[in-house]
There are 2 protein chains.
Amino acid sequence: MPNIKQIAKAAGVSVSTVSRVLNKHPYVSEAKRKAVEEAIERLQYARNMNAVHLIKGITQTVAVILPHINHPYFMRLMEGIASEALKHNYQLMLCQTGYNHDEEMKVLEMLKNKQIDGVIITSRSASLDQIEPYSAYGPILLCEDVKDRRLSSVYYDHYLSFQTAITFLWEKGHRNIGFTLNRLNNSSGRKRIRAYYDTLQMLGGNGRAEWMLDGYRDMKDSAAIFPWLHSLDERPTALLITGDEVAAGVLLTAPQYGFQVPEDIAIIGFDNQPISELLGITTIDIQLSIIGARAFAIIYKQITNRTVEPASENLQFKLIERKTV
Amino acid sequence: MPNIKQIAKAAGVSVSTVSRVLNKHPYVSEAKRKAVEEAIERLQYARNMNAVHLIKGITQTVAVILPHINHPYFMRLMEGIASEALKHNYQLMLCQTGYNHDEEMKVLEMLKNKQIDGVIITSRSASLDQIEPYSAYGPILLCEDVKDRRLSSVYYDHYLSFQTAITFLWEKGHRNIGFTLNRLNNSSGRKRIRAYYDTLQMLGGNGRAEWMLDGYRDMKDSAAIFPWLHSLDERPTALLITGDEVAAGVLLTAPQYGFQVPEDIAIIGFDNQPISELLGITTIDIQLSIIGARAFAIIYKQITNRTVEPASENLQFKLIERKTV
DNA sequence: CTGTTAGCGCATTCAG
DNA sequence: CTGAATGCGCTAACAG
């Protein structure tokens, strides 16, 4: 593997001239440019980007922390991030951490070590207090509502979305309302629980702890819903399910358990995944790929401007009424 | 940001001693090690990995080329890759290329530029002739059957899997068999088409060009199936659908079009995605996450051993009989 | 066990 | 427009 020096020699110029043509500087005579290009071609020269990264102090790479890719939520988020990164010719480091705290910290260390220019945290197990100090080394953006920190954020309002869904259910006549949490994100979970109780109280109803289900993420998790429903003295008539996959599972298995949707049990999902459209599931569209795209766009801007000002963006969601409520 | 030199000065040692403790070398006196560690802590030192990459010539990073993450097929492949990479403390560069030829070549250039140590190509639009020369710069692995090249591969036998599925359908009494292709991979598509005709002929039946459907990838693509079916003079009684999402879509929309599964139309899917289990779709389990894990394991070994010997691995698939045939 | 030294490959002043 | 010289931050002989 030849280096810039050998190219310089082969082309009969200095290394700086080679560097100039490599970086498309103006002020290089046509003759020398040609000579350099010819030498590069002939010797099969390839620039060693590690040297460039070292000297420039940036790597054109952003890391994305996510617990697991194998979930539609993160997948769509990631897709939005990737599409936007592509536009700016940036690379993405995919860090599947499985909510492992040490793995998350390792990624933050990579930022400190200048291996990456910024970090997008889609979900986390580390605390904000642990994360924040790393913002000294580069922009960090979380996909959740973060305020008063040197951290950026792109999110939708979990509280408001829950409120919207519950109010919708209430207006459709439901008084007994249950919901599932996926534990995808603890901070969002807490907000949702609060929204659940607040909203029902505001409407003159009541939330119940036994109508709250935790740990529902996948389609197959839905299998536990009906046994649980059967075990209840008083049942909810409507379920707010944070994830269309789970909602689809519930809808599809309902007949086996003798339930009709929405007659016996109404369902509202989250995310507006393709499956909810196909099955006609009423859902809250949180536009994940837009969240992802905005996340990257913001962090990219911060990298480019060397800004330390954190930015925050609250994205809109919308309720899509279909046939399960 | 302090560098190794300043740490050396602060600790009253030489840079090489600092480097030694950084790299956990033996032969460093306990006293100096402590002094260095103290200085590192006190000055908040962080190693610049770009310098390390430059000098060592490796980056502990592998790139994965995929057309789009937002598809269960690639997502599960990616998950297997990521899980294995985590074990070996390697980073993953996610390159969503959208089948854009230039983007694929850019990733290969990154290999040449020493930004990454190896490349996993899950699907491609570039030709093998274009890809192969880059193997001079680091191991390249494709998730398809590649032979007689300086490229590694992990795959399952598309031909055999199609043959298995068609034979199964045949044995269940089906004589008119159609199939969909997703175009996820042209080379696999060709093999499948060949398997389709060969197998039916071998069994004493006949394949028909008008029973072949191209471009079916997503759940919502399935919407076109029934109109197409209605347009046919003679219809297939069974459909081999390369992708459980599409199969699920077909299954779920069948009633609207007055079709019963499997009575009016039998369905066999591919991939054994969670949805096929939930819906009871007969499918071919190709164990995507294992393919991914093996892919990374092989390329990791090649990087570590600095082997240039390409490796090839043919993984097993299995037919899972459920209720749609 | 430790320090000195010579690069890794490149970009970038600063003089011409 | 061009080249010489300097250094990015670190590792690894090499000599003690």
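Here is how names work: the chains are called A, B, and so on, in the same order as the sequence lines, proteins then strands, and each is numbered from 1.
- Under a 4.0 Å N-O distance rule, the pair A:Glu109/A:Lys106 does not qualify as a salt bridge.
- Under 3.5 Å, the side chains of B:Ser127 and B:Gln130 contain a donor-acceptor pair of N or O atoms.
- Sorted by first and then second residue, the salt bridge (charged side-chain N to carboxylate O under 4.0 Å, His left out) pairs involving residues 64-84 of chain B (not counting sequence neighbours) are B:Glu84-B:Lys87.
- Not counting sequence neighbours, the partners of A:Val146 by the side chain to side chain contact (heavy atoms under 4.5 Å, CB included) test are A:Leu128, A:Leu142, A:Glu144, A:Arg149, A:Leu151, A:Ser153.
- Interface residues of residues 22-42 of chain B facing DNA chain C, ordered by number: B:Tyr27, B:Val28, B:Ser29, B:Lys32; criterion, heavy-atom separation under 4.0 Å.
- Comparing the axis of the opening five pairs of the helix from C:dC1-D:dG16 to C:dG16-D:dC1 with that of the closing five pairs yields an angle of 40°, rounded to 10°.
- Not counting sequence neighbours, A:Ser125 has no partner by the side-chain hydrogen bond (donor to acceptor under 3.5 Å, both in side chains) test.
- Between A:Lys112 and B:Arg47, the closest side-chain pair of non-hydrogen atoms is not below 4.5 Å.
- With sequence neighbours excluded, no residue satisfies side chain to side chain contact (heavy atoms under 4.5 Å, CB included) with B:Lys24.
- Within the 4.0 angstrom heavy-atom criterion, no nucleotide atom of any strand lies near B:Val18.
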Give the table of side-chain donor-acceptor pairs shorter than 3.5 Å for residues 58-67 of chain B, with sequence neighbours excluded, one pair per line with atom names and distance.
unit_1, atom_1, unit_2, atom_2, d
B:Thr59, OG1, B:Gln115, O, 3.1
B:Thr59, OG1, B:Asp117, OD1, 3.1
B:Thr61, OG1, B:Thr59, O, 3.0

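- Residue pairs meeting the side chain to side chain donor-acceptor pair (under 3.5 Å) criterion with at least one partner in residues 2-12 of chain A, sequence neighbours excluded, do not occur; the list is empty.
- Under a 4.0 Å N-O distance rule, the pair B:Arg150/B:Glu132 does not qualify as a salt bridge.
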Nucleotides 4-9 of chain C: which of its N/O atoms have a protein N/O under 3.5 Å away?
unit_1, atom_1, unit_2, atom_2, d
C:dT4, O4, B:Ser16, OG, 3.1

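- Taking the side chain to side chain contact (heavy atoms under 4.5 Å, CB included) definition, one finds that A:Asp102 meets it with A:Asn100, sequence neighbours left out.
- You can see that DNA chain D meets the heavy atoms of chain B within a 4.0 Å-exclusive cut from D:dG9 to D:dA13, reading 5' to 3'.
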Name each donor-acceptor pair under 3.5 Å that joins a side chain in residues 36-46 of chain A to protein atoms two or more places apart or in another chain, with its distance.
unit_1, atom_1, unit_2, atom_2, d
A:Glu38, OE2, A:Arg42, NE, 2.8
A:Gln44, OE1, B:Tyr137, OH, 3.3

